[in-house]
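Have a look at the structure below, then the notes.
Atoms within a ligand are numbered from 1 in the order they appear, just like the ligands themselves. Note that this is a predicted model, so its numbers are computed, not measured.
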Amino acid sequence: MDLYEYQGKELFRRFGIPTSEGRLATTPAEARAAAEELGGQVVVKAQVLTGGRGKAGGVKLAGGPDDAEQKAEEILGLDIRGHVVRKLWIESASEIAKEYYLSVTFDRGVKQSLFMLTKEGGVEIEEVAANTAEALARLHVDPLEGYQPYQARRLIYGAGIDDPNEQKQLLGIIEQLYRCYVESDAMLCEINPLIVTPEGEIRALDSKFTVDDNALYRHGDVAAMRDLEAYPPEERAAREKGVTYVKLDGEVGILGNGAGLVMSTLDVIALAGGSPANFCDLGGGGDAQGVVDALEVITADPQVRSILFNIFGGITRGDEVARGILQALEQLTIEQPIVVRLDGTNAEEGRAILAEAAPANLHTEATMLDAARRAVELAA
Ligand code: GDP
Ligand code: MN
């Protein structure tokens, strides 16, 4: 789950990482009131779950309340790469002497956390990595060993930061960021830019924060930060039902068991000349309620013209899934044709059950490619 900048900064503050004071606003009038409370120059910042807001005109300095109201008017409603701005973060403006970059993320390849620090902040980190890789200090932290202060020192020297006052502050911030990252069960904590003010004070001016979805159950306060309006309505409904679903652009609704199988089903649909309407993983179970929930979510998308069930029986047996599908079809009225491909454990029994019941609009195929071709044909 991605957090908005203002939410990430709230977590930063809890762990002692310095940030600027700010207020949330959803209207120009609220932006004006926020600027009045904060006093002086402010920054009006679009809160959207995507980066590069500055370049897209979503971050603007304002001289005072009047100007903040004006800038809020300009930014609210702006479309930043498909994300419409509905919320603003109004923050006391900082004077910037230097822009650094600091992040900690999970490096799956090495199975360790990875810190990155560079003096070349402010720009996209991919640019730094591509153009001036030597300026980017990288350091892994062994999760069993945990964080040690010498690691922060190595990172700071590696990035070529030689001002003792900056080094001292960074030592603290790196340690706090690691605690924030571990204790929040984060996948990414990125500060870009991490600024140095003309007075030599270091502060987080931005935040990019991703929390592991699977750990949200133990962070009720973070889970409550989820902004349901930022997701397509189908995905919202899916989340409420506990269905693993991602909306896509095509017309063939997809349901499979296992994320890997569903991913390859999307490919096979493309191979058959069609385009998938969604990703939907039934998971390990094939019980009727799971199938009903998934079908309800899939068919709520008006673009869906046909549905492909791709089931590989492993622990879930093919006959169980077949019964689940039949029960689901009794409970629901589905207008779109459904193609079922059953393979693996008890697939023959499953296919026999479907053939015997022979519901109208249900087609069975033995292979994935044939099933995909059929589903694409029926969607045409
Ligand atoms: P992003 O473009 O989505 O990464 O948004 P940022 O929060 O990083 O802001 C973009 C840029 O706006 C930063 O790199 C800064 O150069 C500038 N900016 C943001 N806040 C301030 C501020 O308080 N004072 C000044 N002078 N510039 C700021
Ligand atoms: Mn940024």
Going by a strict under-4.0 Å cutoff (protein heavy atoms only), does atom 21 (C) of ligand 1 have a neighbour on the protein? yes
Identify, for atom 18 (N) of ligand 1, the protein heavy atom at the shortest distance, and state residue, atom and that distance. Leu205 CD2, 4.0 Å
Numbered atoms of ligand 1 (with element) below 4.0 Å of Asp206, judged on heavy atoms: 1 (P), 4 (O), 5 (O), 6 (P), 7 (O), 8 (O)
Taking Glu36 first and then Arg32, would you say they form a salt bridge - that is, a charged N and a carboxylate O separated by under 4.0 Å? yes
Which bit of Glu95 gets closer than 4.0 Å to ligand 1, counting heavy atoms only: side chain, backbone, both or neither? neither
Under the side chain to side chain donor-acceptor pair (under 3.5 Å) rule, what pairs show up with a residue in residues 265-278, not counting sequence neighbours? Thr265-Asn310
On a heavy-atom basis, the closest approach of Asp185 and Val211 is O-CG1, 3.6 Å
To the nearest 0.5 angstrom, please state how far the CZ atom of Arg53 sits from the CD atom of Gln47. 5.5 Å
Going by distance only, is there an N or O of Glu91 that falls short of 3.5 Å from an N or O of ligand 1? no
Polar side chain donor-acceptor pair, Asp66 to Gln70, under 3.5 angstrom: no
Does the protein place a non-hydrogen atom closer than 4.0 angstrom to atom 11 (C) of ligand 1? no
With nothing but distance in play, are any N or O atoms of Glu5 less than 3.5 Å from an N or O of ligand 1? no
For atom CZ of Arg305, is the number of surrounding heavy atoms from other residues, nucleotides or ligands below 6.0 Å larger than 12? no
Nearest-0.5 Å distance, CD of residue Glu234 to CG of residue Asp301: 5.0 Å
Among all protein heavy atoms, pick out the one at the shortest distance from atom 13 (C) of ligand 1; state its residue, atom name and that distance to 0.1 Å. Glu99 OE2, 3.7 Å
Should the ring pair Tyr178 and Phe115 be called parallel, tilted or perpendicular, given that the plane angle runs from 0 to 90° and is split at 30 and 60? tilted
Look only at interatomic distance and state if Gly54 has a nitrogen or oxygen under 3.5 Å from any nitrogen or oxygen of ligand 1. yes
Is Leu282 reachable from Leu342 through a run of I, L, V, M, F, W or Y residues, each pair having side-chain heavy atoms under 4.5 Å apart? yes
Regarding atom 9 (O) of ligand 1: of the candidates Asn192, Val59, Val42, which has the closest heavy atom? Val59
Heavy-atom count around Arg108 CZ within 6.0 Å, excluding the residue itself: above 12? no
Evaluating non-hydrogen atoms only, which member of Ile191, Val44, Ile96 is closest to atom 27 (N) of ligand 1? Ile96
Below 2.8 Å, which protein N, O or S atoms neighbour the Mn ion (ligand 2), ignoring water? Asn192 O, Asp206 OD2
Polar contacts were defined as any N/O atom of the residue lying under 3.5 Å from an N/O atom of the ligand; does this apply to Ser94 and ligand 1? yes
Determine whether Val321 and Asn257 make a side-chain contact, defined as any pair of heavy atoms from C-beta on separated by less than 4.5 Å. no
May I ask you to say whether Asp370 pairs ionically with Arg374, meaning some side-chain N is under 4.0 Å from a carboxylate O? no
Walk me through it: do Gln331 and Gln327 pass the test side chain to side chain donor-acceptor pair (under 3.5 Å)? CA-CA 6 Å; Gln331 292 178 37; Gln327 280 176 33; 5.0 Å; no
Enumerated ligand 1 atoms positioned under 4.0 Å from heavy atoms of Ala93: 23 (O)
Taking atom 5 (O) of ligand 1 as the point of reference, which of Glu190, Gln41, Lys45, Arg53 owns the nearest heavy atom? Arg53
Using a plain distance cutoff, I'd like to know if Thr50 has any nitrogen or oxygen under 3.5 Å from a nitrogen or oxygen of ligand 1. no
